[in-house]
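Take a look at the structure below.
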Amino acid sequence: MPSSSFSTNMRFKFSVLAIILEVILIALFGIFVRYKEVNIYLPKEEQTLHIELYPFFQDVHVMIFVGFGFLMTFLKKYGFTSVGINMLIAAVGLQWGTLMQGFWHMKRGEIHVTVKSMINADFSTATVLISFGALLGKTSPVQMMILAILEITLFSCNEYLVVDVLKATDIGASMTIHAFGAYFGLAVARVLYRPGLKKGHENEGSSYHSDMFAMIGTLFLWLFWPSFNSAIAAPGDPQYRAIVNTYFSLAACTVTAFAFSSLTEHRGKFDMVHIQNATLAGGVAVGSCADLGIQSFGAMMIGFVAAIISVIGFKFLTPFFASHLKIQDTCGVHNLHGLPGLLGGIASIIAAAIKVEHAPFHPVSPGMQAAALGCTLGIALIGGAFAGLILNLPFLGQAPDQNCYNDSVYWEVPEESKQLVEMPSEQDTQRFNVNM
Amino acid sequence: MPSSSFSTNMRFKFSVLAIILEVILIALFGIFVRYKEVNIYLPKEEQTLHIELYPFFQDVHVMIFVGFGFLMTFLKKYGFTSVGINMLIAAVGLQWGTLMQGFWHMKRGEIHVTVKSMINADFSTATVLISFGALLGKTSPVQMMILAILEITLFSCNEYLVVDVLKATDIGASMTIHAFGAYFGLAVARVLYRPGLKKGHENEGSSYHSDMFAMIGTLFLWLFWPSFNSAIAAPGDPQYRAIVNTYFSLAACTVTAFAFSSLTEHRGKFDMVHIQNATLAGGVAVGSCADLGIQSFGAMMIGFVAAIISVIGFKFLTPFFASHLKIQDTCGVHNLHGLPGLLGGIASIIAAAIKVEHAPFHPVSPGMQAAALGCTLGIALIGGAFAGLILNLPFLGQAPDQNCYNDSVYWEVPEESKQLVEMPSEQDTQRFNVNM
Amino acid sequence: MPSSSFSTNMRFKFSVLAIILEVILIALFGIFVRYKEVNIYLPKEEQTLHIELYPFFQDVHVMIFVGFGFLMTFLKKYGFTSVGINMLIAAVGLQWGTLMQGFWHMKRGEIHVTVKSMINADFSTATVLISFGALLGKTSPVQMMILAILEITLFSCNEYLVVDVLKATDIGASMTIHAFGAYFGLAVARVLYRPGLKKGHENEGSSYHSDMFAMIGTLFLWLFWPSFNSAIAAPGDPQYRAIVNTYFSLAACTVTAFAFSSLTEHRGKFDMVHIQNATLAGGVAVGSCADLGIQSFGAMMIGFVAAIISVIGFKFLTPFFASHLKIQDTCGVHNLHGLPGLLGGIASIIAAAIKVEHAPFHPVSPGMQAAALGCTLGIALIGGAFAGLILNLPFLGQAPDQNCYNDSVYWEVPEESKQLVEMPSEQDTQRFNVNM
């Protein structure tokens with residue numbers, strides 16, 4: 001493979017792109033974004049800056065930066081990228097998301113920021129971080145910044161369609177965030193398929209301490225998921241139900257994930273991949289129905305099923321996807337966000353069909369829920385394939401196959417660590433870095 | 001030692017037990033547990049879903065899963081179990097605790113969940129996690145699940161006795177959680193005594209990074225302890241006092257713990273065991289009196305004494321317990337939860353005797369406080385001994401002595417780590433794993 | 001170098017000092033500190049225990065202990081000290097800060113603690129922790145305890161001058177905490193200059209996992225900075241603006257920090273030092289103006305500039321300070337707190353000059369802002385130099401140059417780690433430890 005085809009030196013590509021992007025963001029904020037001013041002539045519900053949601057916002061904020069960031073640090077030599085580029089994507093995304101979501105709800109040509117819009121901006125970044133999980137180890141920071149812009153744009157359109165046009169219920173965003181982010185990411189991964197990694201890669205695995213770091217991510221996601229699912233629920237009963245349902249769904253999911261992790265391994269040992277991921281599937285799957293009157297045992301049933309499909313997915317589907325569908329899903333986001341997201345959508349159709357209690361003035365219909373699920377999947381898959389084509393452009397700093405899953409391509413890595421982790425392809429890295 | 005006596009393969013034992021347990025839990029929730037509906041005919045105090053307690057709940061939630069979980073990761077090869085099985089126990093426990101505590105306060109045959117009941121459910125798991133600290137490294141996941149069920153059942157009875165029958169004050173649960181969990185765990189440890197570990201075990205120690213991970217646990221426990229002690233205090237002055245008292249008790253305790261850690265080591269160096277644990281003793285010890293009018297200097301005096309007895313306990317009592325009383329207390333829970341819990345109970349007796357200010361309508365009497373302490377210790381010791389006998393059943397997956405304190409018995413451990421940490425008993429592990 | 005000049009055995013020095021200090025603190029609290037009692041004859045604003053600020057307090061609390069503590073764990077062999085002595089300093093400091101700040105606002109000879117005074121007490125410790133960053137690796141625990149007492153005393157005087165006398169606005173404390181702590185620390189570092197470390201030290205660097213631990217600190221600081229800047233803002237619009245401004249300033253700062261980190265490295269790779277630190281500069285720099293009506297794009301411009309000066313500072317100024325000004329700034333606090341703090345002060349002068357919207361009844365004037373900045377810098381530099389002279393006393397347990405940046409001087413370090421990190425100067429350490 002000629003070294004000229006891989007120019008991983010990001011010095012000017014990345015920095016110029018990032019600076020231009022940030023300047024544009026500041027300019028757009030200067031034109032469009034203003035503080036909200038409380039207008040006493042507005043309906044009461046709109047007379048608020050939503051400061052009361054600030055603790056919910058902070059929980060979601062921790063999930064985005066610590067939760068998603070550390071969850072991906074399980075790879076033994078890819079922690080800097082996991083937690084660092086996660087931070088970069090989220091910082092870009094929350095600014096872009098504020099604009100994209102704001103454009104659909106402008107008042108007098110202005111986008112008004114409140115604590116609620118900050119929660120929604122953080123939410124919008126979650127879709128890209130989920131997709132990042134599928135691509136982890138195989139993309140450059142330049143590619144990921146471009147992906148953030150593309151994906152959040154499409155996410156905002158789909159969210160508007162689902163919530164404002166179809167009036168579907170999806171309070172915890174099983175569909176609009178989790179399924180969307182997962183299938184978008186899988187479509188990108190399909191286009192960016194690397195045959196050279198067909199037989200795996202020596203760095204595509206964890207070390208003891210990288211697995212420990214990943215558990216920090218798992219736990220902060222797990223703990224604050226009730227806030228994720230209830231943050232923008234209607235105050236009172238719906239928000240209370242979202243908290244309670246998510247709490248019990250996750251608890252049931254966790255016990256079941258441990259059970260199936262042990263059951264599917266012939267020596268009965270737990271697999272850290274399952275514990276780090278499948279324990280969270282109950283939070284994803286209960287999302288669409290979280291504020292409905294499904295009772296705690298209904299939530300627990302959803303968590304129970306979510307854990308099973310998630311472990312089974314990790315065990316059997318991910319290898320199948322890699323070998324037969326040419327989709328290399330590094331973190332297994334299909335099993336944590338894709339399948340449980342689908343399950344959440346289906347659960348919301350069932351809940352609508354059996355007419356469980358819902359938020360006042362927000363009836364749910366099975367048809368609209370099904371339409372929401374369908375349009376989410378369609379936009380995600382087509383949008384992801386389109387984004388993949390753009391990311392496939394050859395000058396975006398992709399690493400060659402042998403340098404995948406290795407921080408040292410894009411990061412200064414401490415000298416001793418390079419030796420300690422015995423980087424075998426250091427020469428190659430050097431070779432490719434001198435280009436450009 | 002014949003390998004037949006140790007069958008650590010958990011494949012069917014664990015998974016079947018866990019699945020059956022979860023199905024039973026879902027069924028019981030289906031029968032008994034319902035959302036609370038606000039009834040305007042109820043007294044005002046009961047007309048609430050306690051959403052205002054949600055930030056307190058989240059702090060307690062972080063303590064249970066991140067705090068307790070990471071605090072135990074100090075062992076060099078036992079981090080997966082510490083943080084993973086901690087998560088499993090808490091997930092089982094919070095479901096069971098909701099039922100057990102709910103049974104004592106049912107309305108019309110229903111258990112009503114609120115944010116407050118979620119805090120109490122999390123609290124109930126703390127007792128098992130404390131006992132887990134005493135047993136760490138020497139029990140199987142199957143044993144721990146059984147222990148969770150047994151201990152939470154007895155905890156709920158004792159709590160009902162202390163709070164509803166004796167009407168004792170114990171807002172931060174120095175007695176009902178900390179002393180109970182510690183002495184219950186010590187009684188179990190006594191029954192499960194392993195003579196083979198009399199001279200210590202090469203894996204019963206920390207590594208540099210495992211000590212760093214443990215500090216994550218210490219800090220999140222330390223930081224959110226004011227929430228632990230004030231979460232279910234009466235709103236207004238009592239809750240405010242619980243926050244302030246715990247804040248200053250911990251600060252005084254921390255300075256004193258550093259002082260005595262240095263003082264008791266002949267070269268004057270700090271010992272990580274003390275810093276990780278004894279700094280927290282002030283939170284335990286101030287618990288029973290937290291909402292009383294003891295003033296901040298009273299709280300600081302409690303923290304000061306707690307640090308001293310905790311460091312002294314680690315230095316002299318834990319070795320004595322192991323050598324003379326045949327109690328192997330891995331994490332030294334006696335010094336963090338047992339002795340400071342006793343101190344908390346005694347402080348509450350003194351506070352009652354000198355008639356410090358208390359919550360309105362909740363007078364405290366020295367006699368009732370003493371009775372609460374006595375009945376807590378009695379139930380914990382007898383219940384723990386009983387639980388130990390059950391856990392001693394030979395088919396529950398215990399590891400042989402030489403494989404104690406080693407994740408690889410029950411977990412898939414990354415290959416390179418096995419070598420990196422030079423597992424000497426890998427052959428033995430293999431040998432025992434092939435059974436069953 | 002004669003071993004007699006370095007007596008690092010802290011056994012009695014440290015423990016006696018700490019115990020005496022804690023006893024004095026308890027006595028002073030007994031004399032002066034009382035619960036606040038809500039007096040209905042007071043103005044409405046003063047009739048509060050500020051329980052509604054508790055979630056803000058907890059965020060700040062996490063920043064102080066987890067944020068500052070883990071941010072400094074980037075050194076490969078100095079994690080115990082970073083996170084442990086950080087905890088000690090903060091525990092001492094919050095007690096002393098309660099007294100020092102309280103003395104300026106006593107009522108009837110009493111200091112009243114509330115959740116707001118707890119936030120301020122935590123704030124006061126931040127100054128010492130910032131200074132600690134400049135001195136990291138080169139001072140003893142005894143020195144740091146003395147520094148905490150000295151610095152917080154002067155901080156409280158300066159804060160009173162800035163806020164109550166000059167009536168300057170500095171809601172997020174760009175000047176009174178960040179610039180103050182940084183320049184105070186730099187002045188101490190100048191006095192404690194070690195020529196022996198002129199050519200660097202083999203331990204003054206990071207390892208792969210120490211950089212990962214440091215990212216925990218970075219993220220919790222980054223996430224909760226909106227709470228830091230808004231915690232004591234006036235309720236309503238000012239607090240809302242402080243949250244929004246900090247959120248967007250940090251996001252813009254992060255993107256820009258990544259851009260300039262890549263731009264200033266000839267291979268275009270990201271430098272962990274920049275990502276860990278410069279991403280936070282936007283939070284510092286927006287502090288003084290946070291509650292003003294600068295709009296989100298104004299905040300983003302501040303964050304943009306802060307990132308640039310911070311990265312440039314790390315790249316060029318820190319080496320220059322070490323080589324030419326004899327100031328060894330271990331963590332580069334000048335680039336994270338000093339320069340961005342100055343920028344914050346200047347931004348507040350500009351904001352006052354162009355008359356942006358401010359909190360009601362709290363007009364800001366450019367002159368007073370400039371005076372506040374000047375007096376903060378003056379007191380910090382002179383106070384720091386004075387504190388440095390005291391810390392230079394030869395019997396305070398300083399380590400010899402070759403044992404700097406090494407936990408094992410003051411901590412029990414696990415045996416295997418000592419070998420694993422190949423301590424070359426272990427013999428020397430032993431030699432110095434036997435003294436006293």
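Residue numbers begin at 1 in each chain, while the letters A, B, ... track the order of the sequences.
- Residues of residues 211-225 of chain A lying under 4.5 angstrom from chain B, judged on non-hydrogen atoms, are Asp211(A), Met212(A), Phe213(A), Met215(A), Ile216(A), Thr218(A), Leu219(A), Phe220(A), Trp222(A), Leu223(A), Phe224(A) by number.
- Side-chain contact between Phe132(B) and Ile89(B) is present, with heavy atoms from C-beta onward closer than 4.5 Å.
- Checked by atom type, the side-chain pair Glu110(B)/His112(B) shows a donor-acceptor distance below 3.5 Å.
- At a heavy-atom separation below 4.5 angstrom, chain A is approached by Ala91(B), Val92(B), Leu94(B), Gln95(B), Thr98(B) within residues 90-100 of chain B.
- For the set Pro55(A), Ala252(A), Ser230(A), the count of heavy-atom pairs under 4.5 angstrom toward chain B peaks at Ala252(A).
- Neither the backbone nor the side chain of Ile308(A) comes within less than 4.5 Å of any heavy atom of chain B.
- In this structure, Ile20(B) CD1 and Ile24(B) CD1 are separated by 6.5 Å, a value rounded to the nearest 0.5 Å.
- Ranked by non-hydrogen atom pairs under 4.5 Å with chain B, the options Phe56(A), Phe270(A), Phe260(A), Phe248(A) are led by Phe270(A).
- Separation of atoms OH (Tyr240(A)) and CD1 (Ile51(B)) is listed at 8.5 Å; rounding is to 0.5 Å.
- When Glu37(B), Arg34(B), Met118(B), Met145(B) are compared by the number of non-hydrogen pairs under 4.5 Å with chain A, Met118(B) comes out ahead.
- Remark: the Asn335(A) side chain and the Ser310(A) side chain contain no N/O donor-acceptor pair separated by less than 3.5 Å.
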Taking only distance into account, with no hydrogens and no angle test, what donor-acceptor pairs under 3.5 Å do side-chain atoms of residues 59-71 of chain A form with protein atoms, sequence neighbours excluded?
residue  : atom : partner   : partner atom : Å
Asp59(A) : OD2  : Ser227(A) : OG           : 2.6
His61(A) : ND1  : Asp122(A) : OD2          : 2.6

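- Asn203(A) and Lys77(A) form a side-chain donor-acceptor contact under 3.5 Å, judged by distance and modelled atom types alone.
- In summary, the aromatic rings of Tyr410(B) and Phe14(B) are positioned with their centroids too far apart to meet the 6.0 Å limit.
- The choice from Ile19(B), Leu17(B), Val115(B) that makes the most heavy-atom pairs within less than 4.5 Å of chain A is Ile19(B).
- With a 4.5 angstrom heavy-atom cutoff, Thr73(B) touches chain A only via side-chain atoms.
- The nearest pair of heavy atoms linking Ala351(A) to Leu292(A) is CB-CD1, 3.9 Å.
- Only the side chain of Phe304(A) comes within contact range of chain B, judged by heavy atoms closer than 4.5 Å.
- The shortest non-hydrogen separation linking Val286(A) to Ser249(A) is CB-OG, 3.7 Å.
- Most heavy-atom pairs under 4.5 Å with chain A: of the set Ile85(B), Leu21(B), Asp407(B), Thr114(B), this distinction falls to Asp407(B).
- Listed by chain and number, the residues in a salt bridge (Lys or Arg N to Asp or Glu O under 4.0 Å) with Glu357(A) are Arg241(A) (sequence neighbours excluded).
- Residues Tyr35(B) and Asp237(A) have side chains that never bring a donor and an acceptor to within less than 3.5 angstrom of each other.
- Looking at Leu25(B), the atoms closer than 4.5 Å to chain A (heavy atoms on both sides) sit in the backbone and in the side chain alike.
- Between Arg267(A) and Glu412(B) there is a salt bridge, since at least one side-chain N of the basic residue sits less than 4.0 Å from a carboxylate O of the acidic one.
- Contacts between Pro235(A) and chain B at a heavy-atom distance below 4.5 Å are absent for every atom of the residue.
- Across Thr254(A), Ile275(A), Leu263(A), Asp271(A), the residue that shares the most heavy-atom pairs under 4.5 angstrom with chain B is Leu263(A).
- Between Cys289(A) and Asn245(A), the shortest heavy-atom contact is O-ND2, 4.1 Å.
- In this structure, the portion of Thr279(A) lying under 4.5 Å from any heavy atom of chain B is its side chain and not its backbone.
- Residues Met272(A) and Phe74(A) are not in side-chain contact: their nearest non-hydrogen atoms beyond the backbone lie 4.5 Å or more apart.
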